[in-house]
Amino acid sequence: MPTSWADSVAAADNAAAAAGASSGGGRSAYVPPHLRNRPPPSSEPPVLAHGGPSSGNIAPAGNRWAAPRNDYGRSGYSSGGGGGGGRGGGWNNRSGGWDRGSGRDREVNPFGDDEGADVEPVEQENTGINFDAYEDIPVETSGDNVPPPVNTFAEIDLGDALNKNIRRCKYVKPTPVQRYAIPISLANRDLMACAQTGSGKTAAFCFPIISGIMTGQFPPRAPHMSRTACPLALILSPTRELSIQIHNEARKFAYQTGVKVVVAYGGAPINQQLRELERGVDILVATPGRLVDLLERARVSLQMIKYLALDEADRMLDMGFEPQIRNIVQQMDMPPPGVRQTMLFSATFPKEIQRLASDFLAGYIFLAVGRVGSSTDLIVQRVEYVQETDKRSHLMDLLHAQRANGTHGKQALTLVFVETKKGADSLEYWLCSNGFPATTIHGDRSQQEREQALRSFKSGHTPILVATDVAARGLDIPHVAHVVNFDLPNDIDDYVHRIGRTGRAGKSGLATAFFNENNSSMARSLSELMQEANQEVPAWLARFATRASFGGKNRRGGGRFGGRDFRRDNSYSRGGSDYYGAGNMSSGYGAPSGGYGGAYGSGVTSAWD
DNA sequence: AAAAAAG
């Protein structure tokens, strides 16, 4: 039920989206509520107390998904685990797997809907994007024997449980990165993907991991005695909030599959995370620092890792995580490349990432998806010339104007990016004392404060959020109507990420940037980006751009990718410095014709993240 | 230069 302005908008949007989703193919048979989460009836083998070596880790063809892998929380209950390989596949359900004990092990419904109801749930964090606007996103792949992309989720055998969750998420059709990455991953190939936040990455690496864990033959989780958790998959991400978000999404995808997802990040009490780990983990989502801590305490072992995914890898390197990441991947007990399966996601593909790719991946496939932010006109971008000293009053004008035409008499959600943590605090204080309820998120705030700030913003309680770049990438905050670059970043990629916080869910968004002499290094890339996105470039900015042609980094030589597969460059001897590629990628451009065809009206949900 | 992340 709508509890805020933002929610009521979501509800309205979802009504339309649900109509589209319900027409999607591949529905599973209706299962009455009281029969759900139960071991499947009759034709299935009985509950196995002792999973013999060959005892049905793989179900009969076409039926292997019949049972969710309900054996999580199996610590201490997993009898016969020593018998060798009697795990997985969905047969290991023990009757009462859901009713066991005090009910603490009952899986929380991550969709927040009534577990019994078979209605299309209202998904508050519906993050779909108008797919029609993205038909022209180019895709490039290279490598040996690239599996062909799929055009629908139904084409991929992800199984009933996962398919059901996909429908509950109201994903109607896969995004470009999903169309390519999921088949690659299901073919057990390593993947180097250049894709931006907002391209649907999370599902792209979660679906194959969950599916792989469900079908794979893995030994039982560590018995309760052992305090060392042995996840089968590890997902690393740069910021705590991003880890939390990935965890939340992964829980939805894994709901009632029996695949257990746990998150570990710094700034939060470690004890609760330790308890979660003790109760068993298949997929661990973590920030590097906390994971190293857990590894040093021997509370996590990586020896069972079959899947490794690194999200926002360039960001993690920017943040100085390379030593920790190499420590985690290369110095601990993680199986080597080729044994495990690795997916590396990065917005760009500079030399450091190329090195990481050759060290972490084996025989990988390179995938590049065009940037989302530049090829859409869903976001109206404005640049205004504002002197440093005038910024606050200018912001005030914007907020007043916005309040005037605000819907429901409420302030639309506005995300204000500033350069420094101090600046964030002082702007928040100033806004609050001037009658604009604001909060702030940055690295000097406690984790509790950060999460509280996000909640307060999302709910509309404080419809203005002042943020540093901690919130620039990956964070999905639905219904942001306006992104203000109070201080412009020094990097055009950061700008793209920031404005990408709006214009989501198929709605238009507004992005306003305050520009002055201090930002002249951005003039060129900014005006190029705006031109590419069919935005009106102010004449004064164009003049800045020509005047300041010395500064700023060029935008990708006109290409729309974050990078290209350096293995294809015969100019590799140059040292790979020309990693942005200068277009000329005629092969594999765009999707196969008809790939995006379909009777989806605007506003129909897709699986963008 | 600032930001983030392990306390």
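In the text below, chain A, chain B and the rest are named by the order of the sequence lines, each starting its count at 1. Bear in mind the structure is a predicted one, so any value in this text is a computation, not a measurement.
- Rounded to whole Å, the distance from CG on A:D311 to C1' on B:dA4 is 15 Å.
- Side chain of A:R299 to main chain of A:A229: no donor-acceptor pair is present (N/O by atom type, distance under 3.5 Å, no hydrogens or angles).
- A donor-acceptor contact under 3.5 angstrom links the side chains of A:E451 and A:Q447, judged on distance only.
- Distance A:Q324 CD to B:dA6 P: 9 Å, rounded to the nearest Å.
- Comparing B:dA4, B:dA6, B:dA1 by their closest approach to the side chain of A:T287 singles out B:dA6.
- For A:R240, whose side chain is taken as the heavy atoms from C-beta onward, the closest listed nucleotide among B:dA6, B:dA1, B:dA3 is B:dA6.
- When rounded to the nearest whole Å, the span between CD of A:Q447 and P of B:dA6 equals 9 Å.
- Atom P of nucleotide B:dA1 and atom CG of A:N519 are separated by 17 Å, given to the nearest angstrom.
- A straight line from CG of A:D469 to P of B:dA3 spans 10 Å, rounded to a whole angstrom.
- Residue A:H442 places its side chain closer to B:dA4 than to any other of B:dA6, B:dA4, B:dA2.
- The CZ-C1' distance, from A:F417 to B:dA3, rounds to 12 Å in whole Å.
- The A:T468 side chain lies nearest to B:dA3 when the options are B:dA6, B:dA3, B:dA5.
- Between the side chains of A:Q452 and A:R455, a donor-acceptor pair is found at a separation under 3.5 Å.
- When the C1' atom of B:dA5 is taken as reference, atom CZ of A:R315 falls 12 Å away, rounded to whole Å.
- Here A:R450 lies in heavy-atom contact (under 4.0 Å) with sugar-phosphate atoms only.
- Closest non-hydrogen pair, A:A298 versus A:T228, comes out as O-OG1, 2.9 Å.
- Distances from the side chain of A:V470 to the nucleotides B:dA2, B:dA4, B:dA6 place B:dA4 closest.
- B:dA4 atom C1' lies 14 Å from atom CG of A:D314, rounded to whole Å.
- Of the candidate nucleotides B:dA2, B:dA4, B:dA6, B:dA6 has the atom nearest to the side chain of A:E296.
- With A:M334 as the fixed residue, the side chain to side chain contact (heavy atoms under 4.5 Å, CB included) test singles out one of A:T342, A:V339, A:L302: A:L302.
- The side chain of A:K421 sits closest to B:dA3 out of B:dA5, B:dA1, B:dA3.
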